[in-house]
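To start, the structure itself, in structure tokens.
This structure is a prediction, so every number in the text was calculated from the model and none was measured. Both backbone and side-chain heavy atoms feed into the values below; hydrogens, waters and symmetry mates do not. Residues: numbered from 1 along the sequence shown.
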Amino acid sequence: MTSDVPTNLRTSLARVLDDFSPALLDLVHGSTEPAEPSERTGPTDGLGGVVIHDPGDVVAYPPRAIVLGVGVYGTEAIARLMRELGEHGAAALVVRGPVERDEALAAASAASGVVLVSLTQGASWSQLTELLRTLLTEGDVGETGVESLGGVPSGDLFALANAVATLLDAPITIEDRRQRILAFSGRQDEADQSRVATILARQVPDGYLRILESRGVFSELYRSDRPVHIAPATVEEGETAIPRVAVAVRAGDEFLGSVWAAVEEPLTPDREQAFQDAAKLVALHLLRHRAGADAQNRLRADLVSTVLEGGTGAVDALARLGLVNEPTVVMAMGLAGAKSDHAQLAAERQRLTSALGIHLNAVQPRSALALLGDVAYAVVPVPADPAAGRERAVQIADNFLERAGKWTRVVIGIGSVATEPSALGRSRTRADRALRVLMSDLGSRRVASISDVHVDALLLDLRDLAAAQGDELLGPVARLVEYDARHRSHLVETLRAWLDAFGDVIAASASVFVHPNTFRYRIRRVAEVAQIDLGDPSVRFALMLQLRLMQPTVT
């Protein structure tokens with residue numbers, strides 16, 4: 001089966017290796033030169049997504065994926081996986097290094113067209129995944145051109161780090177306000193062990209942070225507009241270290257982050273001025289990056305909303321999301337039994353939506369997700385067969401909730417499989433109905449497709465209809481409620497238990513903790529007071545429906 005190639009594939013494998021080698025990645029076999037266009041991969045050398053290989057699961061491969069071979073070791077296993085990935089049009093396979101360069105792997109790379117890359121020891125797969133997705137998702141929705149700031153593509157922090165590194169002739173990191181690494185330049189191998197640890201963790205190590213804090217480095221950095229010179233600092237005995245120069249990145253009075261250079265010698269006055277000027281350019285890029293992310297989130301929400309409406313604009317919105325000609329299903333995620341204040345709920349919903357986005361990006365990269373009001377909606381590619389598609393969606397939702405177990409209030413409703421854009425509106429409606437059942441149930445069930453809870457959804461719809469029409473409790477059940485209120489009896493409870501037990505007196509009496517003979521007497525009183533024939537199936541159905549819909553209580 002061929003896949004439509006999204007028009008937004010821009011980051012190339014060569015770019016990835018340029019940015020991440022040799023600190024994280026090394027090319028083992030294959031070429032990063034653009035491949036010849038083919039029916040499968042399309043006329044591009046861009047990467048279409050990051051996929052984590054799992055031999056025990058069904059994996060959806062976007063065109064020209066970079067595949068992370070977690071736990072894949074040995075020449076035979078690596079070569080076999082490369083040949084398999086070649087059939088899916090993957091661009092590269094990353095395995096844990098070191099990897100020996102031998103003829104079998106070279107032949108597998110040449111035959112499959114898959115580039116083999118090794119991940120340095122000490123680096124985690126989660127760190128690599130986050131770095132790669134940072135690159136691969138730059139401007140991925142609805143962007144037709146790239147704005148330039150200071151000669152560097154707007155928001156491209158890695159390119160900016162390399163540009164500053166060239167100015168200073170030193171390896172550079174760009175950090176946010178919490179000393180997390182946003183981007184870094186090449187030549188990090190020229191720095192010391194603390195810098196390497198920082199790059200691998202994408203976070204300045206705690207030990208190094210404590211040393212800098214004790215020296216008052218950050219206090220000086222926050223106050224000064226000039227570059228701050230930092231003497232060498234070592235965390236472990238026997239380490240070597242080189243000095244640093246850091247400069248704050250500000251937008252007006254707002255501290256956005258900082259830029260750090262590892263330097264062997266003090267900067268010349270010209271380079272120090274260049275470093276200070278570069279910080280202003282970094283601020284523009286950070287602001288543009290932040291604004292661009294907000295704009296992209298709004299645009300993605302608009303596109304997902306258009307898709308879910310299923311109108312004439314759905315096809316175009318699907319194309320911009322890369323989901324044309326894909327069978328899909330709508331998933332609706334909400335918070336059940338939420339009693340927090342509005343601000344806490346909003347923050348929790350946003351965190352959950354981000355977490356679900358990360359999960360979908362790993363297991364089904366072509367999914368589209370947006371938080372619309374109080375519900376997070378995902379449009380997820382699934383098999384076209386309704387049963388198989390439903391099963392796949394439930395599996396994805398179950399896996400997410402298992403991993404996000406601490407969020408016990410999260411529930412996910414799943415709609416029907418839509419094989420064409422016009423059916424997505426119906427899938428969304430059914431996902432909403434399934435979600436509503438889960439939200440009102442508050443039981444152990446946290447994931448359900450509409451087919452699983454169809455009867456419950458119908459009852460809720462009927463309850464809405466009765467409320468909209470102003471229906472009141474009338475007839476036999478009304479007489480029982482009135483009788484119970486006057487005599488403090490339990491006839492409504494008795495009738496509900498008897499109907500739930502399908503007329504089994506022993507089971508029904510046990511459920512309300514009374515003797516079977518007492519229960520039989522109460523049932524006779526129910527028939528007398530309500531003036532009904534409990535032997536009539538139509539009467540029993542009407543009573544059960546009214547009890548379910550009107551939910552009478554005795555005051």
Side-chain angles (χ1 to χ4, degrees), residues 332 334-340 374 408-413 430 432-555:
L335 291 175
K339 299 184 184 299
S340 305
D374 295 341
T408 55
R409 298 183 300 177
V410 181
V411 289
I412 299 178
R430 292 174 176 176
D432 281 335
R433 294 175 69 202
L435 177 64
R436 186 185 177 198
V437 172
L438 296 175
M439 297 278 278
S440 62
D441 184 11
L442 302 184
S444 58
R445 186 168 50 184
R446 299 175 64 194
V447 175
S449 69
I450 185 59
S451 60
D452 298 327
V453 294
H454 189 238
V455 173
D456 293 319
L458 281 175
L459 289 174
L460 288 176
D461 292 343
L462 288 173
R463 185 183 300 171
D464 288 345
L465 180 61
Q469 293 180 344
D471 288 348
E472 299 176 356
L473 196 61
L474 301 171
V477 176
R479 289 192 284 272
L480 292 175
V481 170
E482 182 182 0
Y483 184 89
D484 280 346
R486 282 203 320 268
H487 299 86
R488 296 188 178 183
S489 56
H490 305 278
L491 298 188
V492 172
E493 178 188 50
T494 300
L495 175 61
R496 182 182 285 115
W498 185 78
L499 290 171
D500 288 345
F502 295 99
D504 185 334
V505 171
I506 302 300
S509 62
S511 70
V512 293
F513 306 104
V514 299
H515 192 276
N517 289 338
T518 301
F519 193 87
R520 290 187 181 94
Y521 168 76
R522 289 182 179 178
I523 279 294
R524 288 195 296 271
R525 288 296 297 153
V526 165
E528 293 169 1
V529 171
Q531 305 171 23
I532 51 175
D533 177 10
L534 291 177
D536 187 336
S538 298
V539 170
R540 294 197 301 270
F541 176 75
L543 291 170
M544 183 177 292
L545 191 60
Q546 194 171 23
L547 288 171
R548 291 278 184 177
L549 296 181
M550 308 301 289
Q551 296 182 329
T553 57
V554 179
T555 58

So do [Y] and [X] actually touch side chain to side chain, heavy atoms under 4.5 Å?
| X | Y | result |
| --- | --- | --- |
| His490 | Val514 | no |
| Ile532 | Leu534 | yes |
| Trp498 | Val526 | no |
| Leu335 | Val410 | yes |
| Leu438 | Arg446 | no |

Please report the interatomic distance CG(Asp536) to CG(Leu543), rounded to the nearest 0.5 Å.
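So the CG of Asp536 and the CG of Leu543 are separated by 9.5 Å.
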
Which salt bridge (Lys or Arg N to Asp or Glu O under 4.0 Å) pairs, counting each pair once, include a residue from residues 514-525, with sequence neighbours left out?
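The answer is Arg525-Glu528.
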
Ser449: which residues meet the side-chain hydrogen bond (donor to acceptor under 3.5 Å, both in side chains) condition with it, sequence neighbours left out?
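Per chain and number, Ser449 pairs via side-chain hydrogen bond (donor to acceptor under 3.5 Å, both in side chains) with Ser451, Asp452.
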
For the pair Arg433 and Asp456, evaluate salt bridge (Lys or Arg N to Asp or Glu O under 4.0 Å) and give the outcome as yes or no after the intermediate values.
CA-CA 9 Å; Arg433 294 175 69 202; Asp456 293 319; over 6 Å; no

For Ala332, check side-chain contact (heavy atoms from CB on, under 4.5 Å) against everything at least two apart and list the hits.
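With neighbours one apart ignored, the set is Val375, Tyr377, Ala431, Asp432, Leu435.
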
Under 3.5 Å, side chain of Asp484 to main-chain N/O of Leu491, donor-acceptor pair present?
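Looks like yes, one N/O pair under 3.5 Å.
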
Sequence neighbours excluded - side-chain hydrogen bond (donor to acceptor under 3.5 Å, both in side chains) pairs with any residue from residues 502-513
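Qualifying pairs, neighbours excluded: none.
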
Residues Thr494, Ile523; criterion side-chain contact (heavy atoms from CB on, under 4.5 Å); working and verdict
CA-CA 7 Å; Thr494 300; Ile523 279 294; 3.8 Å; yes

Taking only residues two or more places apart in sequence, or in another chain, which ones meet Glu482 in a salt bridge (Lys or Arg N to Asp or Glu O under 4.0 Å)?
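Testing Glu482 for salt bridge (Lys or Arg N to Asp or Glu O under 4.0 Å), a comparison that skips the adjacent residues, returns Arg486.
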
If you compare all heavy atoms of Val512 against all heavy atoms of Ala497, which two are closest, and at what distance to 0.1 Å?
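So the minimum-distance heavy-atom pair works out to CG1-CB, 3.8 Å.
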
How close do Gly413 and Ala434 get, heavy atom to heavy atom, and via which atoms?
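Of all heavy-atom pairs spanning Gly413 and Ala434, the closest is CA-CB, 3.9 Å.
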
Please list, chain by chain and in numerical order, all residues satisfying ring-ring contact (aromatic ring centres under 6.0 Å, His included) with Tyr483, sequence neighbours excluded.
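Counting only residues at least two positions away or on another chain, Tyr483 forms a ring-ring contact (aromatic ring centres under 6.0 Å, His included) with His487.
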
